[in-house]
**Q** 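Shown below is the structure under consideration.
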Amino acid sequence: MSAKRLGLLYAISLVAAVAAGCGGEQSTLDPRSEPARHIATLWWWMLAAAGVVFAGAVGLLALSWVLRRREGVPVVGEREGFNLGMVVLFGMGIPGAVLVALFVIANFVVMPDTEAPAASRTPMTVEVTGAQWFWEVRYPDGGAVTANEIHIPVGTRVNVVATTADVIHSFWIPQLNRKIDMVPGRRNRVLLYAEKPGRYRGQCAEFCGLQHSHMAMYVFADPPERFRAWLAQQARPRSSPASALARRGEQVFMDHQCASCHTIRGTPAAGEVGPDLTHVGRRTTIAALTLPNTRSELAAWIRDPQYFKPGNRMPALGLDRSELDAVAAYLEGLE
Ligand code: CUA
């Protein structure tokens, strides 16, 4: 393949990679915090360095090809000193220098900047636990528990303590900071900081089983006052069902297996297998962002959870149509 065609191929694959993997509200290349910006800058530098090295290698390949075709020019093996020099410079010298520079920048500039604040200087801690396949979110200071949708105050350095209930997961909000692995028996920490109010999508970044790709989350960065109101509201027990249908739904929920797997504070339901549903009606999505949180989607999910997320731990309970409607109305009303 000619150098020109190689170059073209390189350009096409580069554009494809950027277009496919780095767009939308989950983009490392659209940073919304200082640490994420440092990571994005490092990425661009790495891309540039890799581009220069690659172009150099392709250029030398092309040069050797051209020289090889000219008669009278010595080929490999006939100018040993020159050849050795080329290998040492381009095979060891330049790659070595690039790797050392990247190591120094990554370890001494980017890493310290992305670390969680020291415990003594932490204005706020959120405990996030990965589970197959959702995120449990606890606010030790406020007593609130939720799932899959994390709220934080904007402009506040939040200390995320990351743990797991089963296998290794990885907590990652690309626009806000680097990944942090959730390893059994460990309490890893990472800084979560958003400069501007908004919604930031995250994704489990460690293969954790069949539904790994359906293990996403949102971080909502709220103005401090709205955040405080949200936290106080989330800490309360559930609000009583407001309609006859919702009251029936609560009864169905308590009479079936739902209550042994989920917690709804203020009711006898205290299961710890699935997400806390005390205020599930306030979330925008269910099943770790798999479905929008509407009454019809709730009913569809409860009717056959295995259809949407095969392998997840929630079974179909065989509820009839009216029971499904009632439970969905009840959960929708848990705001
Ligand atoms: Cu959890 Cu991948």
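Atoms within a ligand are numbered from 1 in the order they appear, just like the ligands themselves.
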**Q** For atom 2 (Cu) of ligand 1, give me the closest N/O/S atom belonging to E206, just the atom name.
**A** O

**Q** Tell me whether H212 has at least one N, O or S atom under 2.8 Å from atom 1 (Cu) of ligand 1.
**A** no

**Q** Taking both backbone and side chain into account, is any N, O or S atom of M215 nearer than 2.8 Å to atom 1 (Cu) of ligand 1?
**A** yes

**Q** How about CZ on R178, more than 12 heavy atoms from neighbouring residues, nucleotides or ligands closer than 6.0 Å, or not?
**A** yes

**Q** State, to the nearest 10 degrees, the angle whose vertex is atom 1 (Cu) of ligand 1 and whose arms point to SG of C208 and SG of C204.
**A** 120°

**Q** When you measure from the side chain of T164 to the backbone N and O of D166, does any donor-acceptor pair fall under 3.5 Å?
**A** yes

**Q** When you measure from atom 2 (Cu) of ligand 1 to the N, O or S atoms of H169, does any of those distances fall below 2.8 Å?
**A** no

**Q** Check for a donor-acceptor pair, side chain of N177 on one end and backbone N or O of T114 on the other, with a separation under 3.5 Å.
**A** yes

**Q** Mark yes or no for whether E127, through its side chain, and E136, through its backbone, hold a donor-acceptor pair below 3.5 Å.
**A** no

**Q** Kindly check if the number of other-residue, nucleotide or ligand heavy atoms within 6.0 Å of CZ (R226) is above 12?
**A** no

